[in-house]
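Have a look at the structure below before the remarks.
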Amino acid sequence: MLMTRLKSNEAIASLVDGKVFIINCHGCKEVGFPEEEAKALQKELFAAGKVTGIMTTDYICNRENMKLRLSYHKDEIDQADMVLIFSCGVGVQTVSEYLEDKKVCAACDTIRLPGFQGVTPQEVDCGQCGECFLNLTGGICPITACSKSLVNGPCGGTKDGKCEVNDCMECGWERIYRKLEAMGRLDVLRCPTQIHNFATDDATKECKQSK
């Protein structure tokens with residue numbers, strides 16, 4: 001139960017390199033999903049001949065359901081250079097973990113909502129930070145995978161791949177490095193992450209400003 005909004009057209013255009021397979025998650029759309037805007041954008045990508053296939057389903061954070069549905073689209077996914085996901089950060093991380101050799105990108109940002117949004121059954125979580133970093137970090141969230149929520153690399157306390165805050169937890173940034181290295185995408189780490197814009201976080205602020 002989260003609220004998402006599309007990234008800017010420029011941001012999405014910069015992600016689309018070659019053919020794409022699109023995944024729409026409507027599990028939480030009763031709370032907030034930019035359905036019409038997403039359809040319009042996907043129609044443009046389809047008209048440009050960039051789309052190998054589109055899958056629309058509920059709750060891609062449900063691993064078993066997601067794996068089964070993706071198996072029906074295996075050929076379309078194999079033909080794509082990347083997978084573009086319209087969902088919250090939990091969905092993007094779940095698909096990225098499953099399609100470990102494929103570039104998986106988020107087309108949406110997730111905005112923080114007040115109150116309780118439910119409990120995800122997965123090990124991954126979405127920090128609802130308003131600016132999704134998953135496209136720069138191989139689909140592993142630095143906000144939730146790092147105890148300190150660092151967005152520009154690991155701290156000096158990591159040891160033997162473990163977090164200094166919780167020695168039972170893998171260092172999120174070591175996980176990110178290994179994932180990008182395996183994909184041959186370490187070059188993205190040369191681009192420093194922009195300072196987080198906290199004004200984008202809260203859905204309540206956006207609602208008030210739109211009135």
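We number each residue from 1, following the sequence as shown. Heavy-atom basis, side chains included; hydrogens, waters and symmetry copies ignored. Just so you know, these numbers come straight off a predicted model, no measurement behind them.
Looking at every heavy atom in both residues, H26 comes nearest to E35 through CE1-OE2, 3.5 Å. The nearest pair of heavy atoms linking F21 to L70 is CE2-CD2, 4.4 Å. When every heavy atom of C88 is checked against every heavy atom of T110, the shortest pair comes out as CA-OG1, 3.4 Å.
Classification of D109 and K7 as a salt-bridged pair holds, one side-chain N sitting under 4.0 Å from a carboxylate O. We find that E44 and K50 are not joined by a salt bridge, their nearest charged nitrogen and carboxylate oxygen being 4.0 Å or further apart.
Criterion: ILVMFWY side-chain heavy atoms under 4.5 Å apart, direct or through other members. Under it, L45 and L15 are part of a common hydrophobic cluster. Clustering ILVMFWY residues whenever any of their side-chain heavy atoms sit less than 4.5 angstrom apart, transitively, puts I23 in a cluster other than the one holding L84. Taken together through direct or relayed side-chain contacts under 4.5 Å among Ile, Leu, Val, Met, Phe, Trp and Tyr, L134 and V151 form parts of separate hydrophobic clusters. Note on V83: it does not cluster hydrophobically with I12, by side-chain heavy-atom contacts below 4.5 Å among ILVMFWY residues. Cluster annotation: L136 is not connected to V92 through the hydrophobic network of ILVMFWY side chains, with a link wherever side-chain heavy atoms come within less than 4.5 Å.
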Test side chain to side chain donor-acceptor pair (under 3.5 Å) applied to N24 and Q42, step by step: CA-CA 10 Å; N24 292 304; Q42 292 169 26; 2.7 Å; yes
Pair E174-K162, salt bridge (Lys or Arg N to Asp or Glu O under 4.0 Å): steps then yes or no: CA-CA 9 Å; E174 288 216 17; K162 298 296 184 180; over 6 Å; no
Worked check of salt bridge (Lys or Arg N to Asp or Glu O under 4.0 Å) between E170 and R178: CA-CA 12 Å; E170 279 193 280; R178 291 198 302 267; 2.6 Å; yes
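Judged purely by atom type and a 3.5 angstrom limit, T52 has no side-chain atom pairing as donor or acceptor with the backbone of I77. The closest donor-acceptor contact from the side chain of W173 to the backbone of L150 lies under 3.5 Å.
Side-chain contact, K179 with T137: no donor N or O sits under 3.5 Å from an acceptor N or O.
No more than 12 heavy atoms of other residues, nucleotides or ligands lie within 6.0 Å of CG in D17, so this atom counts as exposed by the packing criterion.
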